[in-house]
Engineer: 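Please see the structure below; I have some questions.
Keep in mind that what you see is a predicted model, and the values were worked out from it rather than measured. In this chain, numbering begins with 1 at the start of the sequence shown.
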Amino acid sequence: MDGQRERAGGPPQWWRHGPPWWHGGGDDRPRPRWPWRSTVLLTAFVLVGSGFAAHSQEGERVALDPFARVLLLLTGAALLWRQRYPVPVAFGTAATTLVYLATGYPYGPVFLAVAVACFSAVVSGHRRAAWTAMATLWAGHALLAHWLYPWLPPSGDAAASWGEEVVVATWVVAIVAVSELARTRREQWARDRAERARAARRRADEERLRIARELHDVLAHSISVINVQAGVGLALLDTDPEQARTALTTIKAKSKEALGEVRQVLDTLRAPGDAPRTPAPGLGRLPDLVEQAASAGLTVEVEGEPPALPPGTDLAAFRIVQEALTNVVRHSGSRHARVGLAREGGALRLRVDDDGPATGAEAGGSGNGLAGMRERAAALGGTIEAGPRPDGGFRVLALLPIGPDSLSDPDSLSGPESPEIPKNPENARATEEDR
C-alpha cells in the first residue's frame with residue numbers, strides 16, 4: 001500500500017518519520033512510533049513554565065534570552081528520540097540542563113525533560129544509564145551551587161543551602177523509584193501476555209490432538225468394518241446375492257453412523273460456547289459396539305458391568321474398547337474377543353483380549369491406534385499396557401481413574417485370569433507399528 005501511494009504521487013513514507021538514515025541504516029526491525037504529541041506538549045510546557053519561573057525569580061537569576069530559549073527547545077525536542085535512543089537522550093537532556101543552570105537561568109520545569117528521558121531509559125531496560133544520568137545531574141548541580149558559583153552568573157550569587165540539595169536528591173530518588181515501578185509492571189504485563197499466549201497455543205494443540213484421536217478412532221473402526229463387509233460382498237456377489245445384499249446394507253448403515261460421529265467431532269470446531277448437538281458416546285453404547293463387531297465377523301463377550309463414570313472417562317473407555325476391537329478385526333486371526341470391566345478402588349479396570357495369532361493384515365490404518373489410547377489414558381491420569389500374552393493372543397489393559405481414591409498399581413492387575421503382558425522392547429516396537 002505504501003508503495004502504491006508513492007507511485008501515485010503522494011509523499012514518501014519517510015516524510016512522516018524522517019529520512020532513512022534516522023532509522024539506523026539497514027535495520028529492518030520494527031521501530032517504536034515517534035512520540036510527536038507528548039514531545040510537543042512537554043516542550044511547550046517547559047518553555048511557558050520557564051517564562052513564569054523567570055518572572056517569579058526576577059533579580060535573583062539571569063533573565064531568559066534567546067540562548068536560554070534555544071537550550072530549553074533543544075532539551076524538549078530531544079525527547080522525540082527517547083524511545084529509539086533512550087541512553088543518548090537521557091545524557092543529552094542532563095547535559096543541556098546543566099548548561100542551562102550553569103548560565104544562571106532561573107530554575108523551573110526544565111528538570112521535567114530530564115525526568116521523562118530517564119523514565120523512558122529505565123522502562124526500556126537501560127537502568128544503569130538512567131541512574132548515571134540522574135547522578136550526573138545531581139552532582140553537577142551540587143558542584144555549580146556550592147563550588148563554582150563565584151565564577152558563574154548571576155554575579156553576587158550566594159551558595160545554595162544543603163537543604164536544597166536534599167530536595168534535589170529526593171526528587172531524583174522519586175523519579176528512579178517511579179521508573180523502576182513502571183518497568184517492573186511493564187515486564188510483569190509482558191510475562192502475563194506471553195503466558196496467556198503460550199496457554200492459548202497449548203489449549204489449541206490439545207484440542208487438535210483430541211480431534212485427531214476422535215477422528216482416528218471413529219474412522220478406523222468404521223472403515224475396518226466397511227472393509228470387511230465389502231470383501232464379503234465381493235466374494236458372495238455371484239454365489240450368494242442375498243448375503244452380499246446383507247453386507248452392502250451393513251456398509252450403508254456403518255457409513256451413515258460414521259458420518260454422524262464425524263459431524264459430532266467437527267461440531268467442536270464451531271463457535272466457542274456452542275453446545276454439542278449430540279451426546280458423546282460412552283460405555284452405555286457398548287452393546288452397539290458388540291453388534292457392529294459381530295457384523296464384521298467378530299464375536300465379543302463382555303464380562304462385568306460398567307460403573308457410573310464421569311463423561312471424560314466414559315468417552316475414553318468407549319474409544320479404547322472401540323480401537324482395541326478394531327485392531328482385533330484388522331490384525332488378529334481370531335474371530336473371538338473378550339472385554340472385561342471392573343471397578344478397583346477409584347479406577348476402572350478395562351481389559352480387551354483376543355486369542356490371536358497376529359495376521360499382519362492392514363486395512364489402511366495409520367499406526368496411531370495404541371498411541372491414541374495411551375494419550376487418552378494419560379490425559380486422565382491413567383495407564384495403558386498393550387502387548388502379546390505369554391499364552392498367545394494380544395491384550396490391552398487400561399486403568400482409568402473414576403473417583404477420589406488413589407489409583408491401584410497397574411502391576412497388581414495381573415492375576416491368574418490376567419497373565420502379565422511381557423515388557424519385551426522388540427515386541428513393544430512391533431506392537432506399536434502393527435497396531
Side-chain angles (χ1 to χ4, degrees), residues 213-232 247 250-251 253-255 257-258 260-262 280-306 309 313-342 348-377 384-389 392-400 418 421 431-432 434-435:
R213 286 195 299 265
E214 288 289 312
L215 289 175
H216 173 273
D217 292 346
V218 170
L219 296 178
H221 176 75
S222 301
I223 292 177
S224 295
V225 174
I226 291 172
N227 179 71
V228 171
Q229 292 297 326
V232 172
T250 302
I251 290 174
K254 192 59 188 176
S255 60
E257 180 184 351
E261 293 199 24
V262 169
L283 290 181
R285 288 183 52 188
L286 192 55
D288 296 337
L289 201 59
V290 171
E291 183 179 348
Q292 293 165 12
S295 67
L298 180 66
T299 302
V300 180
E301 293 182 7
V302 179
E303 303 171 358
E305 293 292 333
L309 300 174
T313 306
D314 201 17
L315 173 61
F318 177 82
R319 293 302 187 199
I320 289 172
V321 174
Q322 184 182 52
E323 178 62 25
L325 294 180
T326 300
N327 285 339
V328 175
V329 172
R330 291 168 55 193
H331 304 294
S332 177
S334 172
R335 297 295 86 191
H336 185 270
R338 294 178 300 280
V339 177
L341 302 170
L348 170 68
R349 181 178 179 273
L350 180 62
R351 188 186 75 248
V352 181
D353 286 308
D354 71 86
D355 297 329
T359 62
E362 291 293 340
S366 61
N368 295 322
L370 287 180
M373 286 193 283
R374 288 194 172 93
E375 289 172 358
R376 288 184 183 277
I384 285 277
E385 288 187 4
R389 299 181 307 177
F394 196 89
R395 165 167 294 167
V396 174
L397 192 60
L399 194 66
L400 305 178
S418 303
I421 298 173
T431 298
E432 289 286 353
D434 293 340
R435 303 221 174 196

Engineer: Of all heavy-atom pairs between Ala317 and Leu348, which one has the smallest distance, and what is that distance?
Structural biologist: CB-CD2, 3.9 Å

Engineer: I'd like to check the side chain to side chain contact (heavy atoms under 4.5 Å, CB included) partners of Asp355; sequence neighbours left out, ordered by chain and number.
Structural biologist: Ser334, His336, Arg338, Arg389

Engineer: Report yes if the side chains of Ile384 and Leu397 come closer than 4.5 Å at any heavy-atom pair, otherwise no.
Structural biologist: no

Engineer: Do Glu303 and Asp353 pass the side chain to side chain contact (heavy atoms under 4.5 Å, CB included) test, and can you show the C-alpha distance, the side-chain angles, and the key distance before you say yes or no?
Structural biologist: CA-CA 11 Å; Glu303 303 171 358; Asp353 286 308; over 6 Å; no

Engineer: Per the side chain to side chain contact (heavy atoms under 4.5 Å, CB included) rule, which among Val352, Leu400, Leu315 passes with Ile320?
Structural biologist: Leu400

Engineer: Do you know which two heavy atoms are closest between Leu298 and Leu325, and how far apart they sit?
Structural biologist: CD2-O, 4.0 Å

Engineer: Hey, what do you get for CG (Leu350) to CE (Met373), rounding to the nearest 0.5 Å?
Structural biologist: 9.5 Å

Engineer: Ignoring hydrogens, what is the shortest heavy-atom contact between Val300 and Val290? Give both atom names and the distance.
Structural biologist: O-CG1, 3.9 Å

Engineer: Can you tell me how far CD of Gln322 sits from CG of Asn327, rounded to the nearest 0.5 angstrom?
Structural biologist: 11.0 Å

Engineer: With respect to Leu283, which candidate in Val339, Thr313, Leu309 satisfies the side chain to side chain contact (heavy atoms under 4.5 Å, CB included) definition?
Structural biologist: Leu309

Engineer: On a heavy-atom basis, which atom in Val329 and which in Arg335 lie closest, and how many Å separate them?
Structural biologist: O-NH2, 3.5 Å

Engineer: Rounded to the nearest 0.5 Å, what separates atom CZ in Arg319 from atom CD in Glu375?
Structural biologist: 14.5 Å

Engineer: Taking only residues two or more places apart in sequence, or in another chain, which ones meet Glu291 in a salt bridge (charged side-chain N to carboxylate O under 4.0 Å, His left out)?
Structural biologist: none

